[in-house]
Amino acid sequence: MKKLEILQKIRLRDKMIIIYILGGMIPFIISSYYANIQGRNTMTRLVKESQMEELSIMKDRIRESMDVVEKVSTKLYINSTIKSVATKRYKSYREFTENCKKLKFIDDYIYDYEQDISDVIIYVNNDTINVNKYFGRIGETIAEQEWYKPTCERGGGMYWSFGYDREMKERRPQLTRQVRDEYGNTLYIIAIQLQFYKIKKFITERTANTVFLYNNDEVLYTNFQINNEWDFLFEHLYNNSYMSFSDLVNKGIKDYIVTYNKIYQMDTGKYFTLLSFMDHQDIISQIDEENLRGFVIMFAGIAISLVLIAIFSGIYEKRMRLFTRQMHMVAIGEYDKVVPVRGRDEIADLYVELEKMIDDNKKLLNSVVEKEVQQEKLHSKQMEIEFKMLASQINPHFLYNTLETIRMKALVNKQREIADLVKMLAKLMRRNIQVGDKMVTIKSEIEFIEYYLKIQDYRFGDRIVSEVIVDDDIDINAKVLPLVIQPFVENAFVHGLEGVEKDGKLSIIIEREIEIIKITVQDNGTGMDNFQLSELRGILMSNIETKDRIHIGINNVNQRIKLQYGDMFGVKVYSKKGNGTRIVICMPYYWNEI
C-alpha cells in the first residue's frame with residue numbers, strides 16, 4: 001500500500017520520465033558502449049592505412065619534381081653559355097647586361113617547369129658581375145650557409161639540402177652543384193630551388209599534424225606549433241612504416257600514431273622526410289563523438305513525448321505571462337516595448353483588442369503633442385520674424401545720408417524745410433522703434449511711406465519722382481501688418497533707382513480686388529536679370545532663411561504674411577533687366593487685430 005501511495009504521489013509527467021529512462025536509455029547505453037569498443041579498433045587501423053597512403057602519394061610527387069630538378073641541373077652544369085657569361089671580366093654594366101640576355105634559356109626552364117622549379121641562382125666570385133635575377137654573389141653570408149661547404153667538397157656532384165630564397169626569408173629544398181676551372185678553383189655554384197609551395201599546400205591542407213624534415217633534425221615546414229614534446233618524439237623515429245608511441249606515455253608524452261616516409265636518400269646519408277602525427281586520443285574522441293550523436297538521436301526519440309508534454313503544458317502559462325507583461329507595458333505608457341502575441345487562440349484575440357487601445361492612445365497623445373509643437377513653432381517663428389523685421393528696418397546708411405543732408409541744408413540755407421526734414425526723420429525713427437506684432441491701419445502705413453518718400457525727395461531732388469496712389473475702395477482704417485511696404489520702397493531706391501541720373505519714377509499703388517488688399521511697388525530702375533529674379537523667387541517660394549542684406553527684408557515680409565494669413569498670400573516679384581522692378585504684396589482686406 002505504501003508503494004502504491006508513493007506512485008500515486010508521483011505526477012504523470014514524472015512517471016513518464018521514469019519509464020523512458022528504464023525502458024530506453026539504459027539499453028541504449030549498453031549497446032553504445034559495445035559499438036564504441038569495436039569502432040575504436042577499426043578506426044585506428046583505417047587511420048594508419050590512410051595516412052601511409054597519403055604520404056606515399058606525396059612522396060612520389062616530390063620525387064618526380066626532384067628528378068626534373070636534377071635533369072635541369074645537368075643541362076645547366078655543362079652549358080658553355082653560362083660559363084662564358086659567368087667567368088668573363090666586364091668593363092661596364094652595359095656590357096654585362098647585354099651578355100645576360102644570352103641566359104634567357106634559364107627563364108624558359110623556370111617557365112616550362114614552374115610546377116617543379118621555383119628559382120635558379122648562379123653564385124659567382126666574379127666582382128665585375130652585378131647581382132640580378134640570374135646571379136648572386138658568393139659572399140660571407142652564402143659561405144656560412146649549411147649547404148656551401150658540402151657542395152664544394154663534392155666537386156661538381158649533386159647535393160640536396162635546403163637554402164634560403166633571394167630575400168633570405170624562406171627556406172626551400174634545393175639542389176646545388178659546383179663548377180670548377182681546370183685548377184680546381186670554384187668558378188660558380190648552380191643552385192636550383194624546388195617549387196616548395198606544393199609541399200606546403202599538401203601539408204597545410206592536411207588535418208593531421210604533419211612535418212617536413214631534413215635529416216630528421218631540421219624542420220622545414222609544419223602545420224602546427226612544435227614544442228619540446230615533438231622534439232622528444234623526433235628522436236624515436238624508426239625505419240618501419242608506422243608506429244605507436246604508447247610506450248612514451250610514462251614519460252609524459254601522449255599516445256600518438258606516427259607515419260612517415262623518406263622522400264630522398266642521398267649517398268651522404270641525409271634525406272628529406274614527411275612525418276605525420278595523429279593523436280590516438282583524438283581518433284578515439286571522434287568515435288566517441290559519432291556514438292554520442294547516435295545516442296543523442298535515439299535519446300531525442302525517446303524523450304520526444306516527454307518534451308511534448310512539457311511544451312503543451314507550458315504553452316498556455318507562457319502566453320498568459322507574455323500577455324500580462326504587454327498589459328503592464330501599456331499601463332505604464334511604454335508602447336515601444338510591447339511585443340505582439342501571435343496566434344489564433346483567445347489570448348491572441350485579447351491582444352488584438354489591446355492593439356486597438358494602444359493605437360487610440362498613440363493617436364490621442366500625438367494629437368496633443370503635435371498641437372503643442374505647432375503652437376510653440378508659431379510663437380518661435382513670430383519672435384524670429386520680429387527680430388529679423390527689426391534687423392531689416394531702415395538702412396543705417398540712409399539715416400547717415402539724411403543727417404548729412406540736414407546738416408548741409410542747415411549750414412547753407414537755414415530754411416524751414418530743414419525743420420520739416422528733421423520732423424519726418426524723427427517720426428520715421430519713432431515708428432521703427434515702437435513697431436511690434438500688433439496690426440496697424442493702412443493710413444498709418446501710408447503716412448510712414450510718405451514721410452520716407454519726402455526724405456528721399458530731399459536726397460534725390462528731380463532725379464526721382466515718387467507717388468502714392470490709394471484706390472477709392474480702400475478703407476484706410478483697415479488693419480494690416482506693420483512695415484510691409486517700407487522694405488520694398490527702400491530696395492527700390494537703393495538697388496533700382498540710386499544709379500539713375502534723371503527721370504526716375506517710383507509708384508506705390510494700394511488697391512482692392514474683392515476681399516484682397518493688393519499693394520504694388522513699381523520702379524523704372526535697373527531691374528534684375530533672369531538669374532537674379534529666379535534666385536529671389538526661389539527664396540520666396542521655399543521660405544528659406546537668407547543672410548543676404550538685399551533679400552532679407554523682402555523674405556521677412558513674405559514669411560510674416562504667410563505665417564499670419566496663410567500660403568495663398570504673400571509677395572510676388574516681376575522684373576526685367578533695364579526695365580525696372582514690380583513688387584506685388586497681397587493680404588486679406590478685413591482682418592481683426594490680434
Side-chain angles (χ1 to χ4, degrees), residues 392-410 412-413 415-429 431-432 442-474 476 480 483-513 517-529 532-533 536 550 553-554 557 571-586:
S392 64
Q393 289 173 7
I394 299 176
N395 194 317
H397 293 291
F398 164 72
L399 295 178
Y400 300 149
N401 292 334
T402 303
L403 293 175
E404 180 64 16
T405 302
I406 294 173
R407 188 179 70 84
M408 295 300 297
K409 289 286 183 180
V412 176
N413 298 318
Q415 297 177 358
R416 182 172 177 77
E417 61 183 10
I418 303 301
D420 295 337
L421 185 63
V422 172
K423 179 180 178 180
M424 287 183 286
L425 177 60
K427 287 183 177 291
L428 288 177
M429 295 180 66
R431 175 68 180 277
N432 274 277
I442 296 177
K443 178 181 178 181
S444 174
E445 280 291 287
I446 293 173
E447 290 178 350
F448 181 76
I449 294 302
E450 287 178 343
Y451 290 147
Y452 184 85
L453 292 177
K454 287 180 180 180
I455 292 175
Q456 295 291 10
D457 286 342
Y458 281 110
R459 288 187 60 203
F460 295 101
D462 296 337
R463 288 171 51 196
I464 301 174
V465 176
S466 59
E467 59 180 350
V468 179
I469 303 173
V470 182
D471 194 343
D472 294 337
D473 294 337
I474 293 293
I476 60 176
V480 294
L483 291 177
V484 296
I485 305 176
Q486 186 273 334
F488 300 101
V489 175
E490 180 180 356
N491 275 356
F493 278 104
V494 175
H495 303 295
L497 298 170
E498 193 170 33
V500 176
E501 296 182 357
K502 64 179 181 176
D503 297 332
K505 184 176 182 180
L506 174 65
S507 299
I508 297 97
I509 304 171
I510 305 175
E511 54 188 339
R512 174 182 174 185
E513 293 183 359
I517 294 177
K518 181 178 177 182
I519 303 172
T520 303
V521 180
Q522 183 171 345
D523 66 76
N524 64 346
T526 57
M528 292 181 284
D529 56 29
Q532 294 171 323
L533 182 60
L536 179 55
I550 299 176
I554 299 175
V557 172
V571 179
K572 295 184 179 179
V573 183
Y574 307 90
S575 182
K576 188 174 182 180
K577 189 69 174 179
N579 290 333
T581 301
R582 180 163 60 95
I583 305 293
V584 180
I585 309 167
C586 294

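Along the sequence shown, the residues carry numbers beginning at 1. As a basis for the values below, the full set of heavy atoms in this structure was taken, side chains included, without hydrogen atoms, waters or symmetry mates.
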Test log, rule side-chain contact (heavy atoms from CB on, under 4.5 Å), inputs Ile464 and Lys505: CA-CA 5 Å; Ile464 301 174; Lys505 184 176 182 180; over 6 Å; no
In this structure, are over 12 heavy atoms from other groups packed under 6.0 Å from Lys577 atom NZ? yes
Is the shortest side-chain heavy-atom distance between Glu511 and Thr520 below 4.5 Å? yes
Sole candidate of Lys454, Gln456, Glu450 that passes side chain to side chain contact (heavy atoms under 4.5 Å, CB included) when paired with Tyr452: Gln456
Distance-minimising heavy-atom pair for Val557 and Phe488: CG1-CE1, 3.7 Å
Minimum heavy-atom separation for Gly504 to Leu497, with atom names? CA-CD2, 4.3 Å
Main-chain N/O of Pro487 paired to Glu490 side chain as donor or acceptor, under 3.5 Å: no
Looking only at heavy atoms, which two atoms of Arg582 and Val584 are closest? And how far apart? NH1-CG2, 3.6 Å
How far does CG of Asp471 sit from CZ of Arg512, to the nearest 0.5 angstrom? 9.0 Å
Under the side-chain contact (heavy atoms from CB on, under 4.5 Å) rule, what do Leu506 and Val521 come out as? Steps first, then yes or no, please. CA-CA 7 Å; Leu506 174 65; Val521 180; 4.0 Å; yes
Does the side-chain contact (heavy atoms from CB on, under 4.5 Å) test come out yes or no for His495 and Thr526, once each step is laid out? CA-CA 8 Å; His495 303 295; Thr526 57; over 6 Å; no
side-chain contact (heavy atoms from CB on, under 4.5 Å), that's the test. Do Ile510 and Ile469 meet it? Break it down for me. CA-CA 6 Å; Ile510 305 175; Ile469 303 173; over 6 Å; no
What's the separation between atom CD in Glu445 and atom CD1 in Ile517, rounded to the nearest 0.5 Å? 10.5 Å
Should Glu498 and Arg463 count as an ion pair when the cut-off is N to O under 4.0 Å? no
Of all heavy-atom pairs between Ser575 and Gly580, which one has the smallest distance, and what is that distance? OG-O, 3.1 Å
Shortest non-hydrogen pair, Leu533 vs Met528, comes out as CD1-CE, 4.0 Å
Please name all residues satisfying ring-ring contact (aromatic ring centres under 6.0 Å, His included) with Phe460, sequence neighbours left out, ordered by chain then number. Phe493
Does Ile508 reach the side chain of Ile485, with side-chain heavy atoms less than 4.5 Å apart? yes
Scan side-chain atoms only and decide if Ser507 and Glu467 contain a donor-acceptor pair under the 3.5 Å cut-off. yes
Nearest heavy-atom neighbours spanning Thr581 and Val573: CG2-CG1, 4.2 Å
Just verifying a value: how many Å separate Asp503 CG and Asp462 CG, rounded to the nearest 0.5 Å? 10.0 Å
Is there a side-chain contact between Gln486 and Ile449, using heavy atoms and a 4.5 Å cut-off? yes
